[in-house]
> 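Just passing along the structure, written as structure tokens.
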There are 2 protein chains.
Amino acid sequence: MSSTGKLANIVERIETRIDTARLVSGQRLIEADLTREFGISRSLLREAFRQLAAEGAIELVPNRGAVVRRLSRNEALELFEIRTELEGMAARRAAGRMHEPAVRHSFETATQCLFSEAQTSGAQEYIAENEAFHRAIFIAAGNDTLSDLARKMRLPLIMSQLSGALTAGILATSLEEHRSITLAILSGNAAQAEAATREHLVRATQFVSGVPESLFRSCPD
Amino acid sequence: MSSTGKLANIVERIETRIDTARLVSGQRLIEADLTREFGISRSLLREAFRQLAAEGAIELVPNRGAVVRRLSRNEALELFEIRTELEGMAARRAAGRMHEPAVRHSFETATQCLFSEAQTSGAQEYIAENEAFHRAIFIAAGNDTLSDLARKMRLPLIMSQLSGALTAGILATSLEEHRSITLAILSGNAAQAEAATREHLVRATQFVSGVPESLFRSCPD
DNA sequence: TTGTGTTAGATTGTCGGACAATATTGTGGG
DNA sequence: CCCACAATATTGTCCGACAATCTAACACAA
């Protein structure tokens, strides 16, 4: 657990609501409501808002307060292009660390559900598993700063925003790619792991290109 | 100019002081001093602190307030490894955009001082020029999200923290590498631009490895 | 002298209320 | 139905308060 302070707690709670789509993209966060609900002061909530905004979870519009972040198509594409690099790097490094038992073990544990019988049912469940999978790669890469950076890219947020365009076929393809990546990493083949990961991300980028305009925010003000 | 609010202004002013080493790594920021100096309330200052912390400029230690961020060696190395990827990507993309007149022109303008007679004198001046150069690459890459990310890596901050280990030789080598990168980008040779940039970053990483322990923070708490 | 416990002061964490500025909503007239 | 305008809701910023915690000075014993 990071900071044990009250504020960190609030930040986490709001973050969780966003990542689990209990708060959806574009939704407005009214100070009065949240202070009442959490039983905290406006000062504290506003500090939490600042932090959440700097971390990319919400957006602060002058004189209009906080809204759950909603990406434009261009922002989403930029984000996925960056992820392609960072996650390629992470997969490469992760593969190179699979000979360390502790690293290997925790990666195996985190990915074993990919090979279980249980089918992923809904979009919401997929989003959570997807996030867990990608996080596992970053953790296995052993660069904490990188993990932090990846977290700030808000994968669950954007997937939730685009969830209306997720089809069963896409989920199946994604799952298959996750398996390939996992096998490449576990085999210790860094080049293959990086290549598979980049392919996966390129496909995700193409997916974003095809999502109907209505799911995005119009102007990136 | 981004947000026109009062808070954004305060954030910028503190940021500038850090980037120009008027506030140095590890230095403590006392709320009472800054509220008096800026003529603002504690609420506002504390919101600014939150944002600066989330952006990596300062660190908030529970019950001890804000200090200008001071990296451990490991954090610095992690940061440079990430930069190697992101800046390689940026250089590649920048090279691919040099045929667009506007992009080319602004990149040429930003880099022309690299080829002027004027020698960089002190470390402080080098740090500023170094930041400007690297930012120019990210801007030329045409991915705003990426530029933002790069900014949050706080190059001036870390260079300032390590400035005690900068020698004339290092500055000269760096300048030479900057020139090579610039030429590769201007030539539109993406592969070469990326390679040269990665080499430059790898050398920077090696530099970090050799810096005496005293310039780093001990435990990354 | 040096180490140590204590106490006073400095600083932060959080709260509550206040008020102007701005945004949103509701209402009546055209 | 659309527009102007008043009423309300919400945010931006300030102030002062208080307990919790940290820091520094100081006295005292070894």
Side-chain angles (χ1 to χ4, degrees), chain A residues 1-15 17-18 23-70 217-221, chain B residues 1-15 17-18 23-70 217-221:
Chain A
M1 37 220 84
S2 34
S3 316
T4 54
K6 205 163 180 175
L7 188 146
N9 187 23
I10 299 295
V11 169
E12 262 181 50
R13 284 163 77 176
I14 298 179
E15 220 164 22
R17 291 192 185 191
I18 293 175
L23 287 173
V24 303
S25 265
Q27 185 170 343
R28 201 166 161 191
L29 303 174
I30 306 294
E31 291 181 359
D33 297 346
L34 293 178
T35 54
R36 207 175 324 115
E37 181 175 354
F38 290 138
I40 59 174
S41 64
R42 276 184 75 202
S43 331
L44 207 53
L45 182 64
R46 289 178 60 88
E47 282 190 43
F49 278 177
R50 279 291 152 200
Q51 182 167 339
L52 288 164
E55 286 178 358
I58 68 176
E59 191 186 352
L60 293 175
V61 189
N63 291 315
R64 295 208 30 201
V67 298
V68 179
R69 187 170 171 201
R70 185 179 175 86
R217 162 167 93 177
S218 44
C219 60
D221 296 346
Chain B
M1 35 230 87
S2 35
S3 318
T4 54
K6 204 162 178 173
L7 187 146
N9 187 22
I10 299 295
V11 169
E12 263 182 48
R13 283 164 77 176
I14 298 179
E15 220 165 21
R17 290 193 185 189
I18 293 175
L23 287 173
V24 302
S25 264
Q27 184 169 344
R28 202 166 159 190
L29 302 175
I30 307 293
E31 291 182 359
D33 297 345
L34 293 177
T35 53
R36 209 176 322 116
E37 181 175 353
F38 290 138
I40 59 172
S41 65
R42 275 185 75 201
S43 331
L44 208 53
L45 182 64
R46 288 177 61 87
E47 281 190 43
F49 278 176
R50 278 291 151 200
Q51 183 167 338
L52 287 165
E55 286 178 357
I58 68 175
E59 192 186 351
L60 292 175
V61 188
N63 291 316
R64 294 207 32 197
V67 298
V68 178
R69 188 170 172 202
R70 186 179 175 88
R217 161 167 95 176
S218 44
C219 61
D221 293 346

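Below, all heavy atoms of this structure are taken into account, side chains as well, without hydrogens, waters or symmetry copies. Lettering of chains follows the sequences in order, A, B, ..., and the numbering in each one begins at 1.
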> Quick check: do A:V68 and A:V24 have side-chain heavy atoms less than 4.5 Å from each other?
no
> Start with the C-alpha distance between B:R46 and A:R50, add both sets of side-chain angles, then the distance that settles side-chain contact (heavy atoms from CB on, under 4.5 Å), and finish with yes or no.
CA-CA 10 Å; B:R46 288 177 61 87; A:R50 279 291 152 200; over 6 Å; no
> Are A:N9 and A:L44 side-chain neighbours, meaning at least one heavy-atom pair lies under 4.5 Å?
no
> Please determine whether any donor N or O and acceptor N or O are separated by less than 3.5 Å between the side chain of A:R42 and the base of C:dG17.
no
> Report yes if the side chains of B:R69 and B:I58 come closer than 4.5 Å at any heavy-atom pair, otherwise no.
no
> Is any side-chain N of the basic residue among B:R13 and B:E37 closer than 4.0 Å to the acidic one's carboxylate O?
no
> Please determine, for the side chain of B:N63, which listed nucleotide (D:dC14, D:dC22, D:dG12) has the closest atom?
D:dC22
> What's the CD1-C1' distance between A:I10 and C:dT14, to the nearest Å?
12 Å
> What is the distance from CG of B:N9 to C1' of D:dG12, rounded to the nearest Å?
14 Å
> Closer than 4.0 Å, any side-chain N/O of B:R64 to the OP1 or OP2 of D:dT23?
yes
> Want to settle it: does B:A32 or B:S43 sit nearer the 5' end of DNA chain C, counting the closest nucleotide to each?
B:A32
> Rounded to whole Å, how long is the line connecting atom CG of A:L45 with atom C1' of C:dT14?
13 Å
> Rounded to whole angstrom units, what separation is found between the CD1 atom of B:I40 and the P atom of D:dC15?
10 Å
> Would you mind reading off the distance between A:E31 atom CD and D:dG12 atom C1', rounded to a whole angstrom?
9 Å
> Between C:dT12, D:dC14, D:dT13, which one does the side chain of B:L7 approach most closely?
D:dT13
> When we call it a touch if two heavy atoms are under 4.0 Å apart, what does B:L29 touch: a base, just sugar-phosphate, or nothing?
sugar-phosphate
> Of the options D:dT10, C:dT12, C:dC15, whose atoms approach the side-chain atoms of A:R28 most closely?
D:dT10
> What integer distance in Å separates B:L60:CG from C:dT12:P?
11 Å
> Without decimals, in angstroms, what is the distance between A:L44 CG and D:dT11 P?
16 Å
> Rounded to the nearest Å, what distance is computed from the CD1 atom of residue B:I30 to the P atom of nucleotide D:dC22?
14 Å
